[in-house]
Amino acid sequence: MKLYLAKLWDSLHSSYWFVPTVMATFSIALAFGTIALDRIGRIGPIENLSWIYTGGPEGARSLLSAIAGSMITVAGTVFSITLVVLQLASSQFGPRLLRNFMQDIGNQIVLGTFIGTFIYCLLVMRTVRGEDYDVFVPQISVTIGLGLAIAGIGVLIYFIHHVATSIQASQVISEVGKDLEKAIDRLFPAEIGQAADEERLVAEIPTDFDRTASAIFAGTSGYLQAIDNEKLIEIATEKDLLLRLKYRPGNFIVRGNVLLIVWPGERLNKKLAKQINQVFAIGKQRTEQQDIEFSINQLVEIALRAISPGINDPLTAIQCIDQLSAGLSHLAERDFPSPYRFDDEKKLRVITQTLTFAEITNTAFNQIRQYSNSDVGVRIRLLEAISAIANHIKREKDRDCLLHHADLIEKASQAQISEESDRQYIQHCYHLAVKALRSIDAANCGEN
């Protein structure tokens, strides 16, 4: 249920209809509420309030009609501008960045404001009566409608400013960088308990695990978006099982492939297989919920498009590398969770697939290095990023990973860059990166 609710919220948050629908529903409730107040107010002297609308029925109809017509016109304009922005974002930053724009709550509120005001005015306008024997002018409702129109003007000004800033490359890259920082804090908490003795745990795995275990197969194809780890451990504890997962969030799963291994295999049945399958959220696209590589791939995609021959914008690629270096520096200081999961009695129940710092660094640097070709500025910034990350390294194997990338950048630069002065400067940056990595205090690299 927890995983289902998280997936549902992610779907609603990424849609353009949810917030406008909620605001439209609120406007309907507001219209009925204010009309009820107007009917009650007929027994009192509300006309004495200076800020209340005091015109006649014809004036009220004309005012509400003008507001409703202008609101739906502006709503259509806002929707058209939004589609153009999405098209520009897709062509400039890549289709995977559309998700970020779709999740922009500001645009959703703007659209909902105009639609809600339009519906409110229509509902209030139908109650205005001007017959001699039954005159009713909802003065409070008309006044609130006028206030909503004034608020709509402010919202329109905000929308114009927001759209102008949201498609700037620096703004987009900064927002993705923030998402990466949040993902690191969420998936790699600062305190994760004592480190597991993996050698001892491997010895505890039954010797007949591979021989007597049974497989559960994926029921659908798609990207593994999230795993309800608590529910998985609960099932394993209840059935006294040991589970070994074959995929991690972010991996693509083909229907019919082995999703996980269950031991002992004789306890597996169709009902249990179906129950375990429901623990895995599989969808059409990757999400940032449990996939740290999602935000990294977004930054890499922006960088690759920027250094492509058709765009040739290395400064944007350099901004992406800066955000990647900040994220990797933050990540290098964190302890990586063990793949072994236990129940309350400290009994091993689940063996997961986990990411390493080297795999994440490969995702961040490999494609940018491979496609930067003879772009000197990008190569230099990659080496400077490695020097910056070196100050946060805690594990020797992480340092070796960065040394490997520095070597690859330096070798490729010597082979692909023809200008001698550029090669010399890259060589200089390479030596600085190597010096920064090798000068790390051995005490800071406690894990070998």
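The figures that follow rest on heavy atoms only: side chains count, while hydrogens, waters and symmetry mates do not. All residue numbers refer to positions in the sequence shown, counting from 1.
- With hydrogens and angles left out, the side-chain atoms of Q424 and H428 include no donor and acceptor closer than 3.5 Å.
- Ring planes of F252 and Y223: perpendicular class, angle over 60° (limits at 30 and 60°).
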Stepwise side-chain contact (heavy atoms from CB on, under 4.5 Å) test for I292 and I360: CA-CA 8 Å; I292 190 175; I360 297 174; 4.0 Å; yes

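- Using modelled atom types, one side-chain atom of S372 and one backbone atom of R369 make a donor-acceptor pair closer than 3.5 Å.
- Looking only at atom types and distance, the side chain of Q367 has no donor-acceptor partner in the side chain of E301 under 3.5 Å away.
- Between the side chain of S62 and the backbone N or O of G59 there is no donor-acceptor pair closer than 3.5 Å.
- The two residues T73 and G69 have their closest heavy-atom pair at OG1-O, 2.8 Å.
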What's the verdict on side chain to side chain donor-acceptor pair (under 3.5 Å) for Q225 and Q285, showing C-alpha distance, side-chain angles and the deciding distance? CA-CA 8 Å; Q225 297 175 337; Q285 59 184 0; over 6 Å; no

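- No side-chain donor-acceptor contact under 3.5 Å links S387 to the backbone of A436.
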Could you please spell out the steps behind the side-chain contact (heavy atoms from CB on, under 4.5 Å) verdict for R341 and R349? CA-CA 6 Å; R341 305 287 186 264; R349 292 299 181 186; 5.8 Å; no

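- Using modelled atom types, no side-chain atom of N257 and backbone atom of I253 make a donor-acceptor pair closer than 3.5 Å.
- When all heavy atoms are compared, the tightest approach of G250 to D291 is CA-OD2, 3.3 Å.
- No hydrogens or angles considered: nothing links the side chains of Q319 and Q323 as a donor-acceptor pair under 3.5 Å.
- In summary, D335 and K394 engage in a salt bridge, as defined by a charged side-chain N under 4.0 Å from a carboxylate O.
- Between L403 and the options I386, L437, D398, a side-chain contact (heavy atoms from CB on, under 4.5 Å) holds for only L437.
- Between the E359 side chain and the T356 main chain, a donor and an acceptor come within less than 3.5 Å of each other.
- Using a 4.5 Å heavy-atom threshold, the side chains of F365 and L328 count as touching.
- More than 12 heavy atoms of other residues, nucleotides or ligands shown are found within 6.0 angstrom of CD on Q171.
- The closest donor-acceptor contact from the side chain of R399 to the backbone of A390 lies at 3.5 Å or more, if one exists at all.
- For the atom pair CD of Q427 and CG of L383, the computed distance is 9.5 Å after rounding to the nearest 0.5 Å.
- The existence of a salt bridge linking K231 and D228 is excluded, since no basic side-chain nitrogen approaches an acidic carboxylate oxygen closer than 4.0 Å.
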I would like to know whether E58 and R61 meet salt bridge (charged side-chain N to carboxylate O under 4.0 Å, His left out); could you show each step before the answer? CA-CA 5 Å; E58 290 301 322; R61 288 196 189 98; 2.9 Å; yes

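- The line from CD of Q289 to CG of L187 is 9.5 Å long, rounded to the nearest 0.5 Å.
- The shortest heavy-atom contact between V124 and A31 is CG2-CB, 4.3 Å.
- Note that OG1 of T113 is 8.5 Å distant from CG of L111, once rounded to the nearest 0.5 Å.
- Within 6.0 Å of CZ on R186 lie more than 12 heavy atoms contributed by other residues, nucleotides or ligands.
- To the nearest 0.5 Å, the span separating CG on L259 from CG on N251 amounts to 10.5 Å.
- For the residue pair D313/T316, the side-chain donor-acceptor check at 3.5 Å is satisfied.
- Note: H162 and Y158 have parallel aromatic rings, judged against thresholds of 30 and 60 degrees for the angle between ring planes.
- For S90 (side chain) and L86 (main-chain N/O), no donor-acceptor pair under 3.5 Å exists by modelled atom type.
- Remark: R305 fails to qualify as a cation-pi partner of F93 under the 6.0 Å distance and 45° angle criteria applied to the six-membered ring.
- With Q353 contributing its side chain and L245 its backbone, the two residues share a donor-acceptor pair below 3.5 Å.
- A salt bridge does not link E410 to R379: none of the charged nitrogens lies less than 4.0 Å from a carboxylate oxygen.
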Let's go through C121 and M71 carefully: what are the C-alpha distance in whole Å and the side-chain angles of both, what is the deciding distance for side-chain contact (heavy atoms from CB on, under 4.5 Å) to 0.1 Å, and is it a yes or a no? CA-CA 10 Å; C121 291; M71 288 298 104; 5.8 Å; no

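- A donor atom on one side chain and an acceptor atom on the other are not found under 3.5 Å apart for D179 and S295.
- In terms of modelled atom types and a separation under 3.5 Å, the side chain of D38 and the main chain of Q139 share a donor-acceptor contact.
- In this structure, the side chain of T352 does not engage the main chain of T354 through any donor-acceptor pair within 3.5 Å.
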If you apply the rule side-chain contact (heavy atoms from CB on, under 4.5 Å), what do you find for T82 with F159, and how did you get there? CA-CA 10 Å; T82 301; F159 175 74; 3.7 Å; yes

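- Between T34 and Y120, the side chains place a donor N or O and an acceptor N or O closer than 3.5 Å (distance only, hydrogens not considered).
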